[in-house]
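In what follows, a single structure is set out as structure tokens and then discussed.
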Amino acid sequence: MATYIKSGLRAALRQPFATIVLFLYQMGWGILLYKLVQGVLVPLMHRYPGGEQPKQALQLFLAEGQFQLVKTDLSHPYLWWLAALLVVRMLLTPILNSGVYYSLTHSQQNAGYRFFRGIKELMLPFLIAYVVRISLSLLPLIWLFPKAQKQFAHTTSYEQAALQLLPWLLGMLVYGFLLHLLFMYVQFAIAAKLGILSTVITFVRSLLPIIGLALILLIASGLLAGVTVTATYIWAGLVALIIYQLFPLFHIFIQMWAITSQYQLLSAKMDS
């Protein structure tokens with residue numbers, strides 16, 4: 001396990017172009033969402049009753065907001081905006097992934113060239129794989145949604161219903177996590193032309209070390225987030241601002257490290 005992590009780290013350090021592109025993409029997406037939410041919430045909060053107002057004013061504010069959301073088309077433009085952004089996100093994700101995975105599996109080429117060549121050559125198969133993965137991720141909802149409706153209809157509180165559905169929700173999380181790992185290996189196979197069937201067989205045979213490797217780097221990402229939050233409380237001021245601004249870049253690098261480590265594991269298993 002340590003061998004794959006070390007070799008994955010070295011491989012991730014050889015992907016500066018892909019890491020920077022993903023960082024800029026995440027930063028631009030965050031700014032876009034921030035501006036959208038700001039444009040909705042700031043005018044709304046101007047009408048929010050302050051703490052000196054009576055309790056009835058808050059109840060009136062909430063009742064008015066509920067009426068406008070349910071009985072009018074006030075929310076429709078924002079919902080259309082969110083739907084459009086979701087579609088754009090779903091298109092950009094496999095496009096960027098095609099550049100990342102091609103760059104990883106063709107490290108002998110120039111960094112920027114291999115990234116954009118990967119987009120050109122692999123965009124369509126990666127988009128198909130992404131659609132299949134999303135469809136498989138949503139498939140259990142066909143069974144889970146009616147079950148949730150039944151639970152909410154026969155329980156006295158939302159908390160009790162949520163508690164009863166918790167095992168199924170945890171199962172969905174585990175299922176989604178395994179699908180994420182499976183399609184990571186499918187994308188390796190597409191980018192490196194390894195053969196999807198043989199790669200899936202290798203994935204199944206090596207499932208335990210694959211999960212262990214993923215969990216180790218997932219924990220590392222969580223520790224990084226915890227250290228960042230703690231540091232911003234301890235070192236307030238410019239140091240905290242610098243650490244906070246660098247966190248997304250380090251987070252993207254750990255994601256890249258997770259991908260490269262899994263590819264090192266796959267390469268070792270395929271060669272053995």
Side-chain angles (χ1 to χ4, degrees), residues 1-29 91-133 179-207 209-218 220-221 224 246 248-272:
M1 196 77 69
T3 302
Y4 304 133
I5 292 176
K6 291 178 182 178
S7 58
L9 176 60
R10 290 193 293 268
L13 290 171
R14 294 194 293 268
Q15 305 295 328
F17 187 85
T19 302
I20 294 298
V21 169
L22 291 179
F23 168 69
L24 294 176
Y25 166 69
Q26 293 290 354
M27 184 175 65
W29 192 260
L91 288 174
L92 288 178
T93 297
I95 290 174
L96 291 175
N97 282 343
S98 63
V100 169
Y101 281 76
Y102 187 92
S103 180
L104 172 61
T105 55
H106 297 77
S107 57
Q108 72 279 3
Q109 300 176 9
N110 177 269
Y113 170 77
R114 68 180 184 244
F115 185 87
F116 290 107
R117 184 175 180 179
I119 292 176
K120 180 180 178 181
E121 293 188 5
L122 303 178
M123 178 175 61
L124 183 58
F126 268 62
L127 181 60
I128 294 173
Y130 185 76
V131 171
V132 172
R133 177 194 160 190
L179 270 183
H180 166 72
L181 292 177
L182 173 61
F183 276 86
M184 180 186 293
Y185 277 70
V186 169
Q187 290 173 116
F188 287 147
I190 295 172
K193 296 180 173 59
L194 297 175
I196 294 178
L197 181 59
S198 59
T199 303
V200 171
I201 292 173
T202 302
F203 172 83
V204 174
R205 289 176 176 174
S206 309
L207 188 58
I210 288 171
I211 293 175
L213 192 59
L215 289 177
I216 289 173
L217 290 168
L218 185 64
S221 180
L224 175 64
L246 288 177
L249 180 60
F250 290 136
H251 180 67
I252 291 294
F253 178 77
I254 290 181
Q255 289 181 332
M256 183 67 67
W257 187 6
I259 296 172
T260 55
S261 297
Q262 295 288 353
Y263 183 65
Q264 297 301 314
L265 189 154
L266 174 63
S267 300
K269 297 297 182 181
M270 296 290 281
D271 292 340
S272 61

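All residue numbers refer to positions in the sequence shown, counting from 1. Computed from a predicted model, the values in this text were never measured in an experiment.
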Where do [X] and [Y] come nearest, in terms of heavy atoms and distance?
X      : Y      : answer
Met270 : Ser198 : CE-OG, 3.9 Å
Ser261 : Tyr4   : OG-O, 3.6 Å
Ile254 : Ala220 : CD1-O, 4.1 Å
Asn97  : Phe126 : O-CE2, 3.6 Å

message = Is it true that, when you exclude Phe250 itself, more than 12 heavy atoms of the residues, nucleotides or ligands shown sit nearer than 6.0 Å to its CZ?
response = no
In Å and rounded to the nearest 0.5 Å, what is the [atom1] to [atom2] distance from [X] to [Y]?
X      : Y      : atom1 : atom2 : result
Gln264 : Arg10  : CD    : CZ    : 8.0 Å
Leu182 : Phe203 : CG    : CZ    : 5.0 Å
Thr19  : Gln255 : OG1   : CD    : 10.0 Å
Phe253 : Leu22  : CZ    : CG    : 12.5 Å
Leu197 : Thr202 : CG    : OG1   : 9.5 Å
Leu91  : Leu127 : CG    : CG    : 6.5 Å

Side-chain contact, heavy-atom cut-off 4.5 Å: [X] with [Y]?
X      : Y      : value
Phe17  : Val21  : yes
Ile20  : Leu249 : yes
Leu122 : Tyr101 : no

Partners meeting side-chain contact (heavy atoms from CB on, under 4.5 Å) with [X] (sequence neighbours left out):
X      : result
Leu124 : Ile128
Pro209 : Met1, Ser206, Leu265
Ile95  : Ile119, Met123
Thr260 : Ala11, Ala12, Leu104, Met256, Trp257

task = Could you check Leu215, Leu181, Leu266 and say which one makes a side-chain contact (heavy atoms from CB on, under 4.5 Å) with Ile210?
result = Leu181
request  = Can you run down the salt bridge (Lys or Arg N to Asp or Glu O under 4.0 Å) pairs that involve residues 255-268, sequence neighbours left out, and say none if there aren't any?
outcome  = none
query = With sequence neighbours left out, which residue pairs that include part of residues 250-262 fulfil the salt bridge (Lys or Arg N to Asp or Glu O under 4.0 Å) condition?
reply = none
message = The criterion is side chain to side chain donor-acceptor pair (under 3.5 Å); which residues satisfy it with Ser221, sequence neighbours excluded?
response = His251
For residues 183-196, please give each side-chain donor-acceptor pair under 3.5 Å, one per line with the distance, not counting sequence neighbours.
from: Tyr185; atom 1: OH; to: Gln262; atom 2: O; distance (Å): 3.3
from: Tyr185; atom 1: OH; to: Gln262; atom 2: OE1; distance (Å): 2.6
from: Gln187; atom 1: NE2; to: Phe183; atom 2: O; distance (Å): 3.1

Can you give the donor-acceptor pairs under 3.5 Å from side chains of residues 109-116 to other protein atoms, not counting sequence neighbours?
from: Asn110; atom 1: OD1; to: Gly112; atom 2: N; distance (Å): 3.2
from: Asn110; atom 1: OD1; to: Tyr113; atom 2: N; distance (Å): 3.2
from: Tyr113; atom 1: OH; to: Arg117; atom 2: NH1; distance (Å): 3.2
from: Arg114; atom 1: NE; to: Ser103; atom 2: O; distance (Å): 3.1
from: Arg114; atom 1: NE; to: Ser103; atom 2: OG; distance (Å): 2.7
from: Arg114; atom 1: NH1; to: Ser107; atom 2: O; distance (Å): 3.2
from: Arg114; atom 1: NH1; to: Gln109; atom 2: O; distance (Å): 2.5
from: Arg114; atom 1: NH2; to: Arg14; atom 2: O; distance (Å): 3.0
from: Arg114; atom 1: NH2; to: Gln15; atom 2: OE1; distance (Å): 3.4

